[in-house]
Amino acid sequence: MQVYRAARTSTPNWSRFAIYADRGIIVLNKPPGLICQGSDKAIGDKRHTGDKFNDLLNDLKYRFKLDGQPNTVHRLDKSTTGALILARNASVAKQLSQQFQARTIEKSYLALVRGGEKSFPARSGEIRDALDIDDGRVSIGQSCNAKFAATDWELLASSSTAPLSLVRLTLHTGLKHQLRVHLAHKLHVPILGDNIYTRNPVSEKITSITKIPENRIFLHAARITHSRYRKSGSSKHFRLGIAAPLPRDFVTICKDAGIPLDNLDIQGGVFVDGEQVDDTVADVEGKWLRSRSPRPEA
């Protein structure tokens, strides 16, 4: 217990990123820069960055009075923000892992991309291009070892003053950097802040109207939906969705560029069978953990 308290002091209140919890899961709104994998390694006198995730898990264990750390059932890239599900125990972790393997968990993302309305061939579409992964680098598949990758996309809005657009992405497979590669190399609209899959500098028309933070990629895991079961009733099965609020800097760039946002994307929320509900879900003893007061201006 003494070791654990020391860890919490060095990394205070990671549990503030929890946005929803019920008897089976905890959902975080993951911040940028967090690696979704723990580590016991140390580099010099500094703790390995992966230890931050261990601190987060320990904070959640403490806040929710768990017997052990919550279980990780999926990951988000270091640079990606948004909805990350953790299981409160091993039994729920097994159930969620089976849903991920069966691809019955729905995952949608929001991305700011470098390209105006005329950059898109239509208002929506699908990408079904396999990917090659070679020494950590991902590319459109050319080899016999390429893995199938499926992404659906929808253009939501574009700026009238800069080559910048907001797209919604549905991820059907979960390969490394899938969305980044599909957008940059198939649609040719790289995600804002992605310096790996495009070498072209950001247009001055963008940088002249808004400030782009360093080391930020504007890709947000907006909503995750999975199957749950009621204890009683004629229809026990239902789909529970959690929408994670957009980061403040994402909202600020959209405002500066004149790109409208749905209030739900700004505030987040809870859904049952696709319909938004209030901040509690009695069937699973669930509760939304974020305040509904207006967000301050960035």
Side-chain angles (χ1 to χ4, degrees), residues 30-37 49 74-84 107-159 162-207 210-222 246-247 249-250 253-254 257 259:
K30 176 190 166 299
L34 180 67
I35 299 173
C36 296
Q37 183 176 2
T49 54
H74 71 122
R75 297 176 184 175
L76 295 176
D77 286 346
K78 176 182 177 181
S79 55
T80 304
T81 58
L84 179 74
K107 294 172 284 183
S108 69
Y109 291 71
L110 290 172
L112 282 171
V113 300
R114 293 165 52 186
E117 184 176 3
K118 293 182 179 179
S119 300
F120 295 84
R123 298 297 300 186
S124 63
E126 60 181 37
I127 303 172
R128 300 294 187 267
D129 281 84
L131 299 179
D132 272 322
I133 302 176
D134 182 16
D135 194 27
R137 181 79 178 188
V138 185
S139 60
I140 298 298
Q142 301 293 332
S143 74
C144 60
N145 295 321
K147 296 182 179 180
F148 174 74
T151 302
D152 291 346
W153 61 271
E154 178 187 4
L155 174 62
L156 298 180
S158 297
S159 172
L164 197 62
S165 296
L166 177 69
V167 296
R168 189 180 303 278
L169 306 162
T170 301
L171 190 66
H172 297 292
T173 54
L175 300 186
K176 179 180 179 178
H177 293 181
Q178 174 182 323
L179 298 177
R180 293 167 65 177
V181 174
H182 274 176
L183 287 171
H185 292 172
K186 294 305 296 184
L187 280 183
H188 307 292
V189 285
I191 297 174
L192 183 65
D194 189 350
N195 297 319
I196 293 180
Y197 297 105
T198 180
R199 298 296 183 183
N200 297 328
V202 177
S203 168
E204 291 184 4
K205 291 183 178 180
I206 297 176
T207 57
T210 190
K211 181 178 180 181
I212 310 299
E214 294 183 1
N215 302 317
R216 276 286 278 124
I217 296 178
F218 287 87
L219 177 64
H220 180 72
L246 282 166
D249 55 1
F250 196 123
I253 291 175
C254 288
I259 295 175

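Residue indices begin at 1 and follow the sequence shown.
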Roughly how far apart are Arg114 CZ and Asn200 CG, rounded to 0.5 Å?
-> 6.0 Å
How long is the gap from CG on Asp249 to SG on Cys254, to the nearest 0.5 Å?
-> 10.0 Å
Indicate yes or no: at least one non-hydrogen side-chain atom of Leu219 is less than 4.5 angstrom from one of Asp194.
-> no
Out of curiosity, Asp77 CG to Ile35 CD1, how far, rounded to the nearest 0.5 Å?
-> 10.5 Å
Side chain of Ser203, backbone of Lys205: donor and acceptor closer than 3.5 Å?
-> yes
Would you say Tyr109 and Thr80 make side-chain contact, with heavy atoms under 4.5 Å?
-> yes
Could you walk me through whether Ile259 and Leu156 pass side-chain contact (heavy atoms from CB on, under 4.5 Å), step by step?
-> CA-CA 9 Å; Ile259 295 175; Leu156 298 180; over 6 Å; no
Closest approach of Ser159 and Ala257, non-hydrogen atoms and distance?
-> OG-O, 2.7 Å
Lys30 and Thr81, any side-chain heavy atoms less than 4.5 Å apart | no
Does any non-hydrogen side-chain atom of Leu169 lie less than 4.5 Å from one of Leu183?
-> yes
Rounded to the nearest 0.5 Å, how far apart are CG of Leu187 and OG1 of Thr151?
-> 9.0 Å
With the side chain counted from C-beta on, respond yes when Ser124 and Asp152 share a heavy-atom pair under 4.5 Å apart, and no when they do not.
-> no
Any Lys176 side-chain heavy atom under 4.5 Å of Arg137 side chain = no
List the steps and the verdict of side-chain contact (heavy atoms from CB on, under 4.5 Å) for Lys147 and Gln178.
-> CA-CA 11 Å; Lys147 296 182 179 180; Gln178 174 182 323; over 6 Å; no
Is Arg216 close enough and on-axis enough to Phe218, meaning under 6.0 Å and within 45°, for cation-pi?
-> yes
Would you name the heavy atoms of Thr173 and Ala149 that are closest together and state the gap between them?
-> OG1-CA, 3.2 Å
What heavy-atom pair brings Val189 and Gly115 nearest, and what distance separates the two atoms?
-> CG1-CA, 4.1 Å
Hits for salt bridge (Lys or Arg N to Asp or Glu O under 4.0 Å) against Arg75, two or more places apart or cross-chain, chain-then-number order -> none
For the pair Ile191 and Leu112, evaluate side-chain contact (heavy atoms from CB on, under 4.5 Å) and give the outcome as yes or no after the intermediate values.
-> CA-CA 6 Å; Ile191 297 174; Leu112 282 171; 5.9 Å; no
Can you find a side-chain donor-acceptor pair between Asp129 and His182 that sits under 3.5 Å?
-> no
To the nearest 0.5 Å, how far apart are CG in Leu192 and OG in Ser165?
-> 11.0 Å
What's the spacing between Ile127 CD1 and Trp153 CH2 if we round to 0.5 Å?
-> 8.0 Å
May I have the step-by-step check of side-chain contact (heavy atoms from CB on, under 4.5 Å) for Ser79 and Arg180, ending in yes or no?
-> CA-CA 11 Å; Ser79 55; Arg180 293 167 65 177; 3.9 Å; yes
Mind checking whether Val138 and Asp132 have side chains closer than 4.5 Å, heavy atoms only?
-> no
